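Everything below concerns the one structure shown next.
Residue numbers count from 1 along this sequence. Both backbone and side-chain heavy atoms feed into the values below; hydrogens, waters and symmetry mates do not. The structure displayed is predicted, hence computed values, not measured ones.
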Amino acid sequence: MTLIKELKQSNNKYIAKISMLKIQDEKGNTLMHIIAEKGYHNFLKLILGYLYTCSSKNLENIKHDIKKILNIKNNESYTVLHTATIHNHKSFIKILFDHGYISKDNAEDAILVALEFTNYPANNAVKLLQEYIEKQYNSNDILEEIVQSTIVNQGNDLTEEDNNINHVANNGRTPCTVEGCKKDFVKRESLSQHIKIVHKGERTPCTVEGCKKNFYSRGNLYRHIKSVHNVIYFN
Ligand SMILES: [Zn+2]
Ligand SMILES: [Zn+2]
């Protein structure tokens, strides 16, 4: 709790508070991780309130700074959202959602990690996150999800770069850094995914006991678990 003390004692300047919130302890946790683990949602509200009011910056810039803080990963690669979900703190997650701090990718990964951590079934925080993801989906995402889960059910696992190769014009792309490979990509994430899959052969196994499937991306694993094992709602 020394971080909390330090935050209170720091001067009122916005920059000082932001840099204080980026400090990580020996486990890689920020103050936000610590209050997420304890489920101190009122303290989260207080911190957000401080930050929104103690700067002349516009709200979008402040939110950008806060997003960066919330995306800091501890030594176990957990963000604040992962920590709150694992420890089943719904009120904490609700505040993050109401302020627009939950992205689909981060939410999906937090669900997977929480399911592994508690070894199934889903806790209430996971169910809440699942609702938020569905609320935020637009119709394209839903369509994509149906396509993806069909592919998963057939035992194939279409990757993001396949989509890019087929549908995006060849300009301004990032070439693969591996010698002799001629592939290139629109998004940097697609390149790192390509290197992991094609050049290193990495896949993520399903975390449900007895299931032998494995996947190229966490997103595909999430959709598989949701559509094939139904653990999120029905266990
Ligand atoms: Zn390559
Ligand atoms: Zn499975």
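- Between Lys22 and Thr30 the shortest side-chain heavy-atom distance does not fall below 4.5 Å.
- With rounding to the nearest 0.5 angstrom, the CG atom of Leu46 is 9.0 Å from the CD1 atom of Ile35.
- Under the rule for a side chain to side chain contact (heavy atoms under 4.5 Å, CB included), the partners of Asn88 that lie at least two apart in sequence or sit in another chain are Asn123, Asn124, Ala125.
- Tyr222 and Gln130 share a donor-acceptor pair across their side chains, judged by distance under 3.5 Å alone.
- Taking CG from Asn74 and CD1 from Ile34, the interatomic distance works out to 10.0 Å, rounded to the nearest 0.5 Å.
- With sequence neighbours left out, Lys68 forms a side chain to side chain contact (heavy atoms under 4.5 Å, CB included) with His64.
- When all heavy atoms of Ile102 and Ala107 are compared, the pair lying nearest together is CG2-CB, 3.8 Å.
- Once rounded to the nearest 0.5 Å, the distance linking CG of Leu81 with OG of Ser103 reads 8.0 Å.
- Here salt bridge (Lys or Arg N to Asp or Glu O under 4.0 Å) pairs that include residues 69-84, with residues two or more places apart or in two chains, number zero.
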Exercise. Applying side chain to side chain contact (heavy atoms under 4.5 Å, CB included), run through Gln24 and Ile72 and close with a yes or a no.
Key: CA-CA 9 Å; Gln24 291 171 274; Ile72 294 174; 3.3 Å; yes

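- Side-chain atoms of His224 and Lys213, non-hydrogen and from C-beta on, do get closer than 4.5 Å to each other.
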Quiz item: What's the verdict on side chain to side chain contact (heavy atoms under 4.5 Å, CB included) for Leu115 and Thr207, showing C-alpha distance, side-chain angles and the deciding distance?
Solution: CA-CA 8 Å; Leu115 285 171; Thr207 51; 5.6 Å; no

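- Under the side chain to side chain contact (heavy atoms under 4.5 Å, CB included) criterion, Thr174 pairs with Arg188, Leu191, sequence neighbours left out.
- By the ring-ring contact (aromatic ring centres under 6.0 Å, His included) test, Phe97 is found to be paired with Tyr132, residues two or more places apart in sequence or in another chain being considered.
- The two residues Cys211 and His229 come nearest to each other via the heavy atoms SG-NE2, 3.6 Å.
- Counting only distance, with no hydrogens or angles, the side chain of Asn29 and the backbone of Asn75 share no donor-acceptor pair below 3.5 Å.
- Nearest approach of Met32 to Phe92, heavy atoms of both residues: O-CZ, 4.2 Å.
- With salt bridges taken as basic N to acidic carboxylate O contacts below 4.0 Å, none links Lys94 and Glu131.
- Residues Val113 and Arg218 meet the side-chain proximity criterion, which asks for heavy atoms closer than 4.5 Å.
- Between Phe43 and Lys38 there is no side-chain heavy-atom pair separated by less than 4.5 Å.
- Of all heavy-atom pairs between Ile225 and Cys206, the closest is CG1-SG, 4.3 Å.
- The side-chain heavy atoms of Ile69 and Leu31, taken from C-beta on, include no pair separated by under 4.5 Å.
- Taking all atoms of both residues into account, the shortest heavy-atom contact from Leu128 to Lys90 is CD2-O, 3.7 Å.
- For residues 39-60, the set of pairs meeting the salt bridge (Lys or Arg N to Asp or Glu O under 4.0 Å) definition, not counting sequence neighbours, comprises Lys57-Asp65.
- Considering only heavy atoms from C-beta on, Asn106 comes within 4.5 Å of His82 through its side chain.
- Looking at His99 and Ile95, their side chains come closer than 4.5 Å, going by heavy atoms from C-beta outward.
- Atom SG of Cys54 and atom CD1 of Ile15 lie 9.5 Å apart (nearest 0.5 Å).
- Scanning both residues, Tyr14 and Ile62, for their nearest heavy atoms gives OH-CA, 3.4 Å.
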Quiz item: After noting the C-alpha distance and the side-chain angles of Thr204 and Asn214, does the key distance pass the side chain to side chain contact (heavy atoms under 4.5 Å, CB included) rule?
Solution: CA-CA 5 Å; Thr204 309; Asn214 52 66; 6.0 Å; no

Quiz item: Run the side chain to side chain contact (heavy atoms under 4.5 Å, CB included) check on Thr79 and Thr83 step by step: do they pass?
Solution: CA-CA 6 Å; Thr79 65; Thr83 304; over 6 Å; no

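- Summarising the geometry, atom CD belonging to Glu108 is positioned 7.0 Å from atom CD1 belonging to Ile111; distances are rounded to the nearest 0.5 Å.
- Linking ILVMFWY residues whenever their side-chain heavy atoms come closer than 4.5 Å, directly or via other members, leaves Ile86 and Val80 in distinct clusters.
- In the model, His194 has a side-chain atom that pairs as donor or acceptor with a side-chain atom of His199 under 3.5 Å.
- No close placement of the Tyr78 and His87 rings is indicated, their centers lying 6.0 Å or farther apart.
- Annotation: side chain of Asn220 is in contact with side chain of Arg223 (closest heavy-atom distance under 4.5 Å).
- For the atom pair OG (Ser192) and CZ (Phe185), the distance works out to 9.5 Å, reported to the nearest 0.5 Å.
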